[in-house]
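Notes to accompany the following structure.
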Amino acid sequence: MVVSAPSGTGKTSICRPLLREFPALRFSVSFTTRPPRRGEADGRDYHFVTPDAFREKIQAGDFVEWAENYGHLYGTSRGVIEEIRGRGEDILLDVEPRGARALKEIYPKGVFVFVLPPDLAELQRRLWKRGDGDEEVRRWRYQKARDEIQEVFWYDYIVVNDRLEQAIERMRAIYLAEKCRRERQMGIVSPLLAE
Ligand code: ADP
Ligand code: 5GP
């Protein structure tokens with residue numbers, strides 16, 4: 001399940017409770033050169049690395065996809081994805097639309113969810129409330145939101161994050177409904193028929 005949203009919309013706030021509730025849903029921890037925010041933990045939210053270490057990983061082909069966002073590098077680790085898939089667990093990825101598009105090419109059966117703010121004024125309030133980065137970075141993130149929202153058309157689902165509890169409930173509903181898809185339940189059906 002790939003979740004995208006303009007920075008500050010509330011993706012992290014929505015996805016954290018889901019990850020706590022469903023132990024079989026694992027977060028794909030990306031690598032980034034961005035410094036950690038208050039409350040973020042290395043290895044849980046991101047693997048925080050230097051630009052040199054990140055470039056070495058690009059050279060080594062360690063990323064399924066990577067992109068530069070707001071002056072920092074972000075990449076989805078091939079190793080992390082393969083490890084989770086190898087255990088047969090579900091993967092939750094938080095990537096911006098360019099990265100999500102690259103993931104759709106590789107994993108066309110993935111579920112792509114776009115989280116929208118109720119309006120742009122509220123997005124601005126949330127970006128400023130979170131308070132990371134300087135004024136210029138926040139303004140830049142806000143400007144980029146308009147471009148990112150243009151990408152919403154090729155996603156499978158939209159979750160509007162107006163009231164947080166409701167948005168969490170909707171994301172939960174998407175996850176559970178997708179788990180129940182016939183093609184994802186054949187592991188149960190086939191043995192039943194063979195009995
Ligand atoms: P993202 O991961 O999309 O960048 P965050 O989850 O960090 O966004 O949320 C950005 C800010 O908005 C945080 O301060 C968070 O507490 C706040 N926030 C998230 N969802 C809501 C909501 N539904 N109503 C009000 N504030 C919210
Ligand atoms: P933030 O700095 O707010 O955590 O993330 C900034 C943006 O980078 C968000 O839109 C987030 O979805 C995106 N992002 C996080 N990890 C990755 C990744 O591995 N690849 C790509 N392409 N984008 C990522």
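In listed order, ligands and their atoms are each counted from 1.
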Measuring from the heavy atoms of Ile14, does anything fall under 4.0 Å of ligand 1? no

Consider every N or O of Asp94 and every N or O of ligand 1, then say whether any pair is closer than 3.5 Å. no

Atoms in ligand 2 flagged as close to Ser7, the criterion being non-hydrogen separation under 4.0 Å: 3 (O)

Closest to atom 5 (O) of ligand 2 among Phe63, Tyr46, Tyr70, Trp66 (heavy-atom distance): Tyr46

Glu105/Arg101 ion pair, N-O < 4.0 Å: no

For ligand 2, is any non-hydrogen atom under 4.0 Å from Lys11's backbone (N, CA, C, O), its side chain (CB onward), both, or neither? side chain

Touching ligand 1 at all, Ala5? Heavy atoms, strictly under 4.0 Å? no

I want to confirm something. Looking only at heavy atoms, which of Ser30, Gly75, Pro36 is nearest to atom 16 (N) of ligand 2? Ser30

Should you measure from each heavy atom of Leu164, which atoms of ligand 1 turn up under 4.0 Å away? 20 (N), 23 (N)

Near Ser13, which atoms of ligand 1 are under 4.0 Å from a heavy atom of that residue? 5 (P), 6 (O), 9 (O), 15 (C), 19 (C)

Of all the atoms in ligand 2, which lie at a distance below 4.0 Å from a heavy atom belonging to Ala67? 22 (N)

Distance-minimising heavy-atom pair for Ser28 and Thr76: OG-CG2, 3.9 Å

Check each of Val3, Thr12, Asn69, Val29 against atom 8 (O) of ligand 2 and report the one with the nearest heavy atom. Asn69

Would you check if there is a donor-acceptor pair between the side chains of Tyr175 and Glu21 at a distance under 3.5 Å? no

Could you tell me if Tyr70 and Ser7 have a donor-acceptor pair between their side chains, going purely by distance under 3.5 Å? no

Below the 3.5 angstrom mark, is there an N/O of Lys129, backbone or side chain, next to an N/O of ligand 1? yes

Who gets closest to atom 20 (N) of ligand 2 by heavy atom: Lys144, Glu65, Arg34? Glu65

Candidates Thr32, Asp94, Val2, Val64; heavy atom nearest atom 14 (N) of ligand 2 found on Asp94

Between Phe63, Tyr46, Trp66, which is the residue that forms a ring pair (Phe, Tyr, Trp, His ring centres under 6.0 Å) with Tyr74? Tyr46

Show the atoms of ligand 2 that are less than 4.0 angstrom away from any heavy atom in Gly99. 22 (N)

Quiz question: by atom type and distance under 3.5 Å, do the side chains of Arg34 and Asn69 form a donor-acceptor pair? no

Could you find the nearest protein heavy atom to atom 2 (O) of ligand 1 and give me its residue, atom name and distance? Thr12 OG1, 2.4 Å

Same cluster (ILVMFWY, side-chain, under 4.5 Å), Val115 and Leu18: yes

Specify the closest pair of heavy atoms between Ala145 and Pro6, including all atoms of both residues, with the distance to one decimal. CB-CB, 3.5 Å

